[in-house]
Every structure is written in C-alpha cells, then in structure tokens.
Amino acid sequence: MRSHIPYMRRRVVAVAACGVLFLLSVLPGCKFNKAQQESSRSVETLESTAITGKKTVAPPPQPEEPRFKPVSSSRVATPKNRYRTGENPEVAAQAGWPVKSPNPLPGAILPGRRIVAYYGNPLSKKMGALGEHPKDDMLRRLKEEVSRWEKADPSKPVQPALHLIAVVAQGDPGKSGKYRMVMPDDVVNQVHGWAREANALMFIDIQTGHENIRTLLPRFEWILKNPDVHLGIDPEFNLVKSGAKPGTKIGTYDAADINYVTEYLSRLVKTNNLPPKVLTVHRFTRNGVTNARKITLRPEVQIVMHMDGWGAPSLKRDSYADYIVAEPVQYTGFKLFYHNDTKKGDPMMTPREVLMLDPKPLYVQYQ
C-alpha cells in the first residue's frame, strides 16, 4: 500500500505482471489520525503467485516510516445528546450537508447505489483485501460483505468494486527518480477481468510520490475509457511540493489539483460518451486536502471524500467528523480495516454502526 511495490500505510484511525524484468517493492497501506498519525505500514514482498503463469518479481527494500504518537481526540457524548461524534444530523446540516450537487446524469452510480470495495494489489498479501486471498476466495468474501450491507440498508442497492493500487509510492527514487512505481498493464487488465467476472466496478488508485498528477493521470486514460472503471487519488503520497521521501512525511492535495483531475475526467466522459466517473479522494489529516470549499463539482464526476484511517471506532468517528463532515464536498466514504482496526483489541465497525454516521457513507472500502 510504491515504485517497486510499496510499504503498508499506517493510519491511526485513526491508516506483471511479468513481461517486466523487475518490479515491485512493498505497497503502502493506510494511515490515520486526527492530529499526529501513527504509521503502521509493514514491509512485504509481492508474490508472483497472484499472477498465474507469470514470472516472479522481487521487490526492493522499503523505507522505514516515521512513527507518530497516536492522539485520541474522540469526544464523549453528553447526556443531553444521544448522538456520538460524526452521527449528529444537526451538526451535519450546520456544516452544509446535504451538499447541493449537479443533477445525476444517466448512468450515474451515486447517490442511487452504495459502493462496497476491496482495496489492494494482487501482488501483495499485506496491502489490502484485494490481494490477501486467492482470487476466487477474495471475490467470495467481497460478495459476503455486499450481502451484509444489503441487509443493513435494504433501501440502497449495493455495487461491488475492486480498488487497485495501480501506482505505488516508493521509498526509493527508482529509474524514474519519482519515488513511485506504475503497475504494468497486465496487472491492471487482470484486475479489470476479475471485476467484470464479479459484475463489479474497478477503481484505479494513484499514489504519485514525486510525480505530478498532471503527467501521471493520462497514463491511465486507456483503461479509464471503460464505463466500469473509476479513479482514486491519495494525498498522503503526493509529495511533489515537500520533496520528502514517501514514508517520512504525509502529503497533500489542494483543491486546484483535485479540480484538474475532475476536469480531466469530465472531458473523458464527454469525449467518449461515458456515464459519470466516481472519484475517491483519501483523507485522514487536516492538511490532506487544502481549500476543500474551492473544489468544483461537475455533472460528469461524482466526488467521494473518503475517510480511510484505522483505529478504534471512537477515533474513526472523530476523524470522520473533523475531516469529512466539517468540510462538505459532495459524497462521503469510509474505510474499514480487517487487521489494523482490531489490532489493539477493538472491534471492527459493523455496517449498521457505519450507517449511523451522518451523512451516511455511499462508498465503503475494505482493506
């Protein structure tokens, strides 16, 4: 969850394919927290067994990530308030929810459906649910999660998805000098095939490292031209401005960067007569997205501000309130970690618990 396949990203909350002679290091995962983040990425080796019939690829060593002391700022509800942090509809309304958005175009996924996605990379068992298990087992598990969400909220049809980390931030500059690794087309096509087999959407996720999103995004236009392929961008690993090595500092995107991405996707939709694209933007820090109020909404793009940190339920609700609810953009997302959310003995939040949040997330991701 990096240019040779990345290191797992830690979030405190509150978190080749073969034709290629060399590849992947350890993919980063997710990191979370409201003020100071504790990084929890683990270095791993990508496994060639994920690509049937392909050669093995040996990843380079991953840089050690900085450790941030976890700081919990979860608030305890007073007797007069039956809502926990992140769940109060009055607070959400005061912040500006629901957001006045362009009317959904034909074929739009949101807000009519809820997306439930498995995140990761097939070359790594530790980057997320997408690559942790063999393909058939993974798709079965995703189907079971979809069923749980359908039972928790029968009013909202659930759309499964596979969220592939297609560009992985790296602790080493690599041949490009950009501290990132682009997955070979074979890997992208493989996951796209899995998604179609499961009647699922596919998301291309980009961790830019030191490369500008404006030069990296067009690299994936060939796959984004498909009506079932969408996009995710990760501010944590956008370190162009700071010049810091991935893993030593948390990155950021400004509204201007996000507006570039939505304009690009909008043109792609219009030119190719496609249904609207969904854009997920990971966020778990105050500066992860700057000038959020200046993000431009376009009918051709549906923006999900995605709270993707790990930790105890109270920390996750707290972060959702501070970074997602407090700065409305359009739609919201929420990440659940099978391992990191429970590593300190806390239970992973259930669909019913997540649905108590206000606004209710329309994109849910499992790592």
| Taking atom types as modelled, is there a side-chain donor on H339 or E132 under 3.5 Å from an acceptor on the other? | yes
| query | Taking R283 for the side chain and T285 for the main chain, is one N or O donor matched with an acceptor at less than 3.5 Å? | reply | yes
| said: Hydrophobic cluster membership, with links at side-chain heavy-atom distances under 4.5 Å among I/L/V/M/F/W/Y: are V278 and I213 in one? | reply: no
| In a check of side chain to side chain donor-acceptor pair (under 3.5 Å) between Y363 and each of H163, H306, K335, which one passes? | H163
| request: Applying side chain to side chain contact (heavy atoms under 4.5 Å, CB included), name anything that partners D254, two or more places apart in sequence or on another chain. | output: K241, A256, D257, T290, N291
| task | Taking the side chain as every heavy atom from C-beta outward, state whether H230 and T280 have any atom pair closer than 4.5 Å. | result | no
| Between Y260 and L217, is a side chain to side chain contact (heavy atoms under 4.5 Å, CB included) present by the stated rule, with each step listed? | CA-CA 10 Å; Y260 160 79; L217 178 56; 4.1 Å; yes
| Counting only N and O atoms by type, is there a donor-acceptor contact under 3.5 Å from the side chain of Q365 to the main-chain atoms of I115? | no
| Is it true that a side-chain atom of S101 and a backbone atom of Q330 form a donor plus acceptor pair closer than 3.5 Å? | no
| D322 backbone acceptor or donor facing R286 side chain under 3.5 Å | yes
| Do L362 and V304 have side chains that get closer than 4.5 Å, going by heavy atoms? | no
Using residues 102-112 as the side-chain source, report each donor-acceptor pair under 3.5 Å to any protein atom, sequence neighbours left out, with the distance given to one decimal.
none

| field | Steps toward salt bridge (Lys or Arg N to Asp or Glu O under 4.0 Å) verdict (E144, R141) | value | CA-CA 5 Å; E144 291 174 352; R141 291 168 182 266; over 6 Å; no
| field | Stepwise side chain to side chain donor-acceptor pair (under 3.5 Å) test for N238 and T208 | value | CA-CA 5 Å; N238 182 51; T208 56; 2.8 Å; yes
| Are the side chains of P313 and D346 in touch, meaning some heavy atoms are under 4.5 Å apart? | yes
| task | Kindly say whether N121 contributes a backbone atom to a donor-acceptor pair with the side chain of S124 at under 3.5 angstrom? | result | no
| task | Could you tell me whether R140 atom CZ has more than 12 heavy atoms of other residues or ligands within 6.0 Å of it? | result | yes
| query | Do side-chain atoms of K316 reach the backbone of M349 as a donor and acceptor pair under 3.5 angstrom? | reply | no
| message | Assigning hydrophobic clusters by single linkage (Ile, Leu, Val, Met, Phe, Trp, Tyr; side-chain heavy-atom cutoff under 4.5 Å), is Y366 placed with I324? | response | yes
| query | Are R298 and E263 side-chain neighbours, meaning at least one heavy-atom pair lies under 4.5 Å? | reply | yes
| Contacts of D153 that satisfy side chain to side chain contact (heavy atoms under 4.5 Å, CB included) - sequence neighbours left out | R114, S155, K156, L355
| query | Do the side chains of V167 and F237 get nearer than 4.5 Å, heavy atoms only? | reply | no
| field | Student check: side-chain heavy atoms of Y320 and F334 closer than 4.5 Å | value | yes
| message | Tell me if a side-chain donor or acceptor on N259 pairs with a main-chain N or O of T296 at a distance below 3.5 Å. | response | yes
| message | Which residue in the set V261, V269, T262, L231 passes side chain to side chain contact (heavy atoms under 4.5 Å, CB included) when paired with K277? | response | V269
| said: Would L297 and I303 count as a side chain to side chain contact (heavy atoms under 4.5 Å, CB included) here? Give the steps. | reply: CA-CA 8 Å; L297 301 185; I303 303 175; 4.0 Å; yes
| Do I233 and L279 come close enough that some side-chain heavy atom pair is under 4.5 Å? | yes
| Just by distance, do the side chain of T342 and the backbone of Y338 share a donor-acceptor pair under 3.5 Å? | yes
| query | For the hydrophobic clusters of this structure (ILVMFWY residues joined by side-chain heavy atoms under 4.5 Å, transitively), does one cluster hold both F203 and W149? | reply | no
| said: Determine whether a donor-acceptor pair (N or O, by modelled atom type, separation under 3.5 Å) exists between the side chain of D228 and the backbone of L201. | reply: no
| note | Smallest heavy-atom separation, W194 atom then P122 atom, equals CH2-CB, 3.7 Å
| message | So which atom in R293 and which in P328 form the shortest heavy-atom distance, rounded to 0.1 Å? | response | NH2-CD, 3.4 Å
| remark: Heavy-atom nearest pair, T215 first then E211, reads OG1-OE2, 3.0 Å
| query | Taking all atoms of both residues into account, what is the closest heavy-atom pair of D341 and G309, and its distance? | reply | OD1-O, 4.4 Å
| Pairs in or reaching into residues 89-100: which pass side-chain hydrogen bond (donor to acceptor under 3.5 Å, both in side chains), with residues at least two apart or in two chains? | none
| remark: side-chain hydrogen bond (donor to acceptor under 3.5 Å, both in side chains) pairs touching residues 217-226, sequence neighbours excluded, are D185-R219, R196-N226, E221-Y264
| Would you say the side chain of L162 lies within less than 4.5 Å of the side chain of L142, judging by non-hydrogen atoms? | yes
| request: Measure across P246 and Y179 and return the closest heavy-atom pair with its distance rounded to 0.1 Å. | output: CD-CD2, 3.7 Å
| query | Short question: side chain of E87, backbone of M356 - any donor-acceptor pair under 3.5 Å? | reply | no
| query | Apart from V91 itself, what residues make up its hydrophobic cluster when side-chain heavy atoms of I, L, V, M, F, W and Y under 4.5 Å apart count as a link, directly or indirectly? | reply | none
| field | Least distance between heavy atoms, P235 atom then G288 atom | value | CB-O, 3.1 Å
